[in-house]
Amino acid sequence: MATVYAPDEEFHLKIRPGDVGRYVLLCGDPARTEKIAAYFDDAVFVKSNREYTIWTGTLEGEKVSACSTGIGGPSTAIAVEELIHCGADTFIRIGSAGGMAPEVVGGDVVIGTGAIRMEGTSQEYAPSEYPAVADYKVVNALADAAEEENIPFHVGVLHNKDNFYGQHSPETMPVREKLKGKWQAFLECGALASEMESAALFIICAVRRARAGALVQVFANQTRRAMGLEDPMVLDTGAAVRVGVEGLRKLILRDRASR
């Protein structure tokens with residue numbers, strides 16, 4: 001696919017082929033890219049424009065990058081499309097989320113096997129019946145990394161939405177009954193945590209024939225709070241970053257061995 005509007009570089013990311021590796025760690029917060037890149041060898045700052053900040057280095061001798069996406073599906077879609085234009089084909093989201101299932105506690109990591117598409121971006125790529133699922137090799141590498149790092153983790157389905165406050169203050173929305181009803185249904189179906197980017201990432205990568213995975217660190221859990229259970233708040237995402245980087249390391253080595 002050709003670049004749009006800008007003939008010599010990607011319109012939003014301001015990058016060209018060669019600026020990023022085929023493996024990319026994605027995060028919402030631009031400040032988190034530098035924390036991720038601290039784990040790379042020979043990390044260099046590449047570009048920053050709008051919500052997009054990019055670093056590139058190496059991991060196990062393989063060129064890798066970290067790129068922020070901002071919040072939500074639309075800005076994530078722009079980043080992933082333009083990264084694919086520049087040669088990326090494997091993506092791991094390292095994010096944050098609110099817990100849903102009672103067993104998920106603040107500080108835990110959730111590795112997504114799939115995502116509920118209660119958002120708009122993925123609907124412009126694929127029919128609503130098509131599932132948003134992660135690549136199984138990426139999921140396995142992340143789960144193995146979390147186990148080795150001795151970080152509490154869960155593997156399962158993530159809930160995705162566009163309206164952050166629709167989750168936290170549904171009673172203030174005119175569509176309150178719809179929001180509450182679907183939230184309860186997703187809880188009963190076993191959804192583990194709620195965030196805003198993975199559904200778009202999984203669907204875009206399915207359409208573009210790229211690989212994707214996602215892990216999120218849970219800040220707190222409103223279900224536990226409503227049940228009167230202990231609900232610790234953990235704002236640091238360092239554990240998720242470690243799992244994401246170590247999971248990528250495993251994936252690189254496994255890819256190399258299979259080749």
Side-chain angles (χ1 to χ4, degrees), residues 1-96 119-125 135 138 160 162 164 195-216 237 240-241 244-245 247-249 251-252:
M1 294 175 62
T3 55
V4 179
Y5 301 123
D8 298 320
E9 63 183 10
E10 296 300 324
F11 187 64
H12 301 89
L13 301 189
K14 306 299 182 186
I15 59 172
R16 300 174 175 85
D19 286 340
V20 296
R22 61 172 293 211
Y23 299 93
V24 181
L25 294 170
L26 302 172
C27 58
D29 183 0
R32 198 177 302 148
T33 57
E34 189 170 0
K35 296 177 182 178
I36 294 170
Y39 287 88
F40 297 168
D41 296 320
D42 306 315
V44 295
F45 170 76
V46 176
K47 195 74 69 172
S48 184
N49 184 54
R50 299 192 179 208
E51 60 263 59
Y52 306 113
T53 296
I54 302 171
W55 288 73
T56 291
T58 61
L59 201 62
E60 298 294 332
E62 187 78 36
K63 190 173 185 179
V64 297
S65 298
C67 177
S68 58
T69 63
I71 298 173
S75 59
T76 298
I78 287 171
V80 173
E81 290 276 23
E82 295 189 2
L83 287 163
I84 290 172
H85 296 170
C86 292
D89 64 19
T90 301
F91 301 89
I92 298 175
R93 164 167 155 72
I94 302 174
S96 58
E119 41 71 59
T121 301
S122 74
Q123 309 299 328
E124 298 192 18
Y125 281 85
D135 180 88
V138 179
N160 270 218
D162 285 334
F164 178 86
E195 45 99 37
M196 300 179 71
E197 289 82 26
S198 295
L201 172 63
F202 293 167
I203 289 292
I204 293 163
C205 286
V207 171
R208 301 298 182 219
R209 298 299 190 270
R211 296 188 298 179
L215 72 151
V216 293
T237 57
V241 170
V245 171
L248 178 57
R249 188 190 307 276
L251 188 64
I252 289 169

Could you tell me which non-hydrogen atom of Gly95 sits nearest to which non-hydrogen atom of Ala240, and how far apart they are?
O-CB, 4.3 Å
Rounded to the nearest 0.5 Å, how far does CG of Leu83 lie from CD1 of Ile78?
11.5 Å
Show your reasoning for whether side chain to side chain contact (heavy atoms under 4.5 Å, CB included) applies to Thr69 and Glu51.
CA-CA 6 Å; Thr69 63; Glu51 60 263 59; over 6 Å; no
CD1 of Ile204 to CD of Glu124: how many Å apart, nearest 0.5 Å?
10.5 Å
Within 45° of the ring axis of Phe11 and under 6.0 Å from its six-membered ring centre, is that where the NZ or CZ of Lys14 lies?
yes
Is the shortest distance from a Lys or Arg side-chain nitrogen in Glu81 or Arg208 to a carboxylate oxygen in the other one below 4.0 Å?
yes
Show your reasoning for whether side chain to side chain contact (heavy atoms under 4.5 Å, CB included) applies to Leu26 and Val80.
CA-CA 9 Å; Leu26 302 172; Val80 173; 3.9 Å; yes
With side chains defined as the heavy atoms from C-beta onward, is the minimum distance between Val44 and Trp55 less than 4.5 Å?
no
Looking only at heavy atoms, what is the nearest atom pair of Thr56 and Ser65, with distance?
OG1-OG, 2.7 Å
Close side-chain approach of Arg22 to Thr90, heavy-atom, < 4.5 Å:
yes
How close do Ile36 and Ala66 get, counting heavy atoms only, and between which atoms?
CG2-CB, 3.9 Å
Checking salt bridge (Lys or Arg N to Asp or Glu O under 4.0 Å) for the pair Arg93/Glu195: CA distance, chi angles, key distance, verdict?
CA-CA 11 Å; Arg93 164 167 155 72; Glu195 45 99 37; 2.9 Å; yes
Can you tell me how far the CG atom of Asp41 sits from the OG1 atom of Thr58, to the nearest 0.5 Å?
4.5 Å
Are the side chains of Val46 and Ile15 in touch, meaning some heavy atoms are under 4.5 Å apart?
yes
Test item: side-chain donor near acceptor, Glu119 and Ser122, under 3.5 Å
yes
Quick one: CG on Leu215 to OG on Ser198, what's the gap to the nearest 0.5 Å?
9.0 Å
Here the pair of heavy atoms bringing Phe202 nearest to Ala212 is CD2-CB, 4.0 Å
Can you check whether Ile94's main-chain N or O pairs, donor with acceptor, with Arg32's side chain at less than 3.5 Å?
yes
Considering non-hydrogen atoms only, spot the tightest contact between Ile252 and Glu60 and give its length.
CG2-CB, 4.2 Å
Within a radius of less than 6.0 Å around CD of Glu34, do more than 12 heavy atoms belonging to other residues, nucleotides or ligands occur?
no
Under a 4.5 Å cut-off applied to non-hydrogen side-chain atoms, are Phe91 and Leu201 in contact?
yes
Interatomic distance, OG@Ser75 vs CD@Glu197, rounded to 0.5 Å, equals 7.0 Å
Where the side chain of Asp89 meets the backbone of Ala210, is there a donor-acceptor pair that is under 3.5 Å apart?
no
So, taking the atom named OH in Tyr125 and the one named CD1 in Ile203, what distance separates them when rounded to the nearest 0.5 Å?
10.5 Å
Below 4.5 Å, heavy atoms only, C-beta onward: do Met196 and Asn160 meet side chain to side chain?
no
Just by modelled atom types, is the Val138 backbone N or O under 3.5 Å from a matching donor or acceptor in the Asp135 side chain?
yes
Given the options Arg16, Glu9, Glu10, His85 meets side-chain hydrogen bond (donor to acceptor under 3.5 Å, both in side chains) only with Glu10
Write down the atom of Gly120, the atom of Asp162, and the distance for their closest heavy-atom approach.
N-OD2, 2.9 Å
Side chain proximity check, Thr33 to Cys67, heavy atoms < 4.5 angstrom:
no
Between Leu13 and Ile54, is any pair of side-chain heavy atoms under 4.5 Å apart?
yes
Within-4.5 Å side-chain heavy-atom neighbours: Tyr23 and Arg211:
yes
